[in-house]
2 protein chains.
Amino acid sequence: METRIDISNWDSHGYSCPVEATLDIIGGKWKSVILYHLTYQELRFNELKRLVPGVTQRMLTLQLRELEKDGIIHREVYKQVPPKVEYSLTDFGRTLTPIIQLMLKWGVENTDKIVQHREQAEAE
Amino acid sequence: METRIDISNWDSHGYSCPVEATLDIIGGKWKSVILYHLTYQELRFNELKRLVPGVTQRMLTLQLRELEKDGIIHREVYKQVPPKVEYSLTDFGRTLTPIIQLMLKWGVENTDKIVQHREQAEAE
DNA sequence: CTGCATCCAGTTCGATACTG
DNA sequence: CAGTATCGAACTGGATGCAG
């Protein structure tokens with residue numbers, strides 16, 4: 001039995017809908033993939049870079065900064081030479097894990113179908 | 001007890017991770033909000049436009065076309081004057097509902113916190 | 001190793017005008 | 001009512017070089 005969530009009293013903070021606010025956090029081009037990898041372990045900058053094929057150094061930096069600013073990830077700098085920086089999920093960031101996991105599951109089960117839909121639409 | 005999903009044999013179709021594929025479907029600027037509204041009722045073009053504040057006619061059209069192309073929504077055209085077009089979720093589209101609902105719930109509970117984090121980061 | 005600064009091309013998007 | 005067409009502004013993202 002599902003209960004519809006009431007958002008009539010929701011304070012928008014400039015968003016039209018809570019869903020939009022959530023997407024604003026995880027919707028960056030690489031953010032969801034970054035969060036997925038950080039679910040299981042802390043990672044250094046170059047480790048992330050390897051795990052996220054196609055991302056440039058610049059984009060990885062930008063996306064990590066935004067996640068840090070939103071309180072989703074923690075950035076730990078070790079003062080040594082050469083430098084070492086470890087990224088990890090904050091407790092707050094971990095509250096996003098169920099969403100990421102559901103997206104992961106959906107992607108595993110349905111990516112084939114999406115590709116088919118697209119190819120068919122393309123053909124018409 | 002959580003079981004980690006194995007994606008080692010996942011066919012990428014050009015995505016680096018299933019999460020990225022899912023985000024490609026719902027990650028458009030207005031898509032998640034559109035899907036949220038369509039969860040509860042079919043909607044005409046102008047009804048959607050009213051429910052999604054800030055969206056332009058052009059963007060709404062583009063986003064709806066992509067969702068249709070991906071098989072997420074159905075577009076029913078009634079041949080009458082003036083024209084009437086109704087948008088609804090397909091059965092496939094409904095498989096996304098749990099994700100949208102989870103995003104909705106997270107947004108309701110955490111938007112305040114996000115705004116705080118941002119203001120604090122801004123101040124430093 | 002982990003970034004930042006700069007430049008530049010490509011893409012997206014809003015505003016506006018027009019159509020069946 | 002439900003779009004399409006066009007144009008320019010704004011933003012995004014890659015390549016490169018430099019730095020602590």
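Just so it is clear, the values below take in all heavy atoms, side chains as well, and ignore hydrogens, waters and symmetry mates. In the text below, chain A, chain B and the rest are named by the order of the sequence lines, each starting its count at 1.
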request  = Send over the distance from B/Leu60 CG to D/dC1 P, rounded to a whole Å.
outcome  = 14 Å
query = Passes side chain to side chain contact (heavy atoms under 4.5 Å, CB included), B/Leu38 versus B/Ser88? Steps please.
reply = CA-CA 6 Å; B/Leu38 289 179; B/Ser88 58; 5.7 Å; no
Shortest non-hydrogen contact from [X] toward [Y]:
X        : Y       : answer
A/Thr111 : B/Ala21 : OG1-CB, 3.7 Å
B/Cys17  : A/Val33 : CB-CG1, 4.2 Å
B/Ile25  : B/Leu67 : O-CD2, 3.9 Å

Could you note down all residue pairs passing side-chain hydrogen bond (donor to acceptor under 3.5 Å, both in side chains) where [range] supplies at least one of them, sequence neighbours left out?
range                     : result
residues 35-47 of chain B : B/Tyr40-B/Gln101
residues 18-27 of chain A : A/Tyr15-A/Asp24, A/Ser16-A/Glu20, A/Asp24-B/Arg118
residues 49-64 of chain B : none

task = Mind running a 4.0 Å heavy-atom check of residues 21-35 of chain B against DNA chain D and sending the residues that fall below it, in number order?
result =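 None - not one residue of the stretch has a heavy atom sitting under 4.0 Å from the strand.
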query = Under a criterion of less than 4.0 angstrom to any heavy atom of chain B, what are the 5'-terminal and 3'-terminal contacting nucleotides of DNA chain C?
reply =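 Result: C/dC13 to C/dG20.
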remark   = Between A/Leu62 and A/Pro83, whichever has its closest DNA chain C nucleotide further toward 5' is A/Pro83
request  = Let me know, please, whether B/Thr56 or A/Lys84 comes out on the 5' side of the other along DNA chain C by nearest nucleotide.
outcome  = A/Lys84
message = Listing request: all salt bridge (Lys or Arg N to Asp or Glu O under 4.0 Å) pairs with a residue in residues 73-83 of chain A, at least two apart in sequence or in separate chains.
response = none
ask   = For residues 84-105 of chain B, which residue pairs qualify under salt bridge (Lys or Arg N to Asp or Glu O under 4.0 Å), counting only residues two or more places apart or in two chains?
value =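 Sorted result for residues 84-105 of chain B: B/Lys105-B/Glu109.
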inquiry  = Under the rule for side-chain hydrogen bond (donor to acceptor under 3.5 Å, both in side chains), what residues qualify as partners of B/Asn9, not counting sequence neighbours?
reply    =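 Applying side-chain hydrogen bond (donor to acceptor under 3.5 Å, both in side chains) to B/Asn9 gives none.
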key: A/Lys69: side-chain hydrogen bond (donor to acceptor under 3.5 Å, both in side chains) partners, not counting sequence neighbours   =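 With sequence neighbours excluded, A/Lys69 shows a side-chain hydrogen bond (donor to acceptor under 3.5 Å, both in side chains) to B/Glu122, given in chain and number order.
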message = I'd like to know if the side chain of A/Asp70 and the backbone of A/Ile72 have a donor-acceptor N/O pair within less than 3.5 Å.
response =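 Judged by distance alone, no pair lies under 3.5 Å.
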request  = Kindly calculate the angle separating the two end axes of the helix from C/dC1-D/dG20 to C/dG20-D/dC1, each obtained from five base pairs, and round it to 10 degrees.
outcome  = 50°
task = Sorted by first residue and then second, give each ring-ring contact (aromatic ring centres under 6.0 Å, His included) pair with at least one member in residues 58-99 of chain A; sequence neighbours left out.
result =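 As it turns out, the ring-ring contact (aromatic ring centres under 6.0 Å, His included) pairs with a partner in residues 58-99 of chain A, which skip direct neighbours, are A/Phe92-B/Trp106, A/Phe92-B/His117.
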Could you list the protein-to-nucleotides 3-5 of chain D atom pairs, N/O on both sides, closer than 3.5 Å?
residue: D/dG3; atom: OP1; partner: B/Arg65; partner atom: NH2; Å: 3.1
residue: D/dG3; atom: OP1; partner: B/Arg75; partner atom: NE; Å: 3.3
residue: D/dG3; atom: OP1; partner: B/Arg75; partner atom: NH2; Å: 2.5
residue: D/dG3; atom: OP2; partner: B/Tyr87; partner atom: OH; Å: 2.7
residue: D/dG3; atom: N7; partner: B/Gln57; partner atom: OE1; Å: 3.0
residue: D/dG3; atom: N7; partner: B/Gln57; partner atom: NE2; Å: 2.9
residue: D/dG3; atom: O6; partner: B/Gln57; partner atom: OE1; Å: 3.4

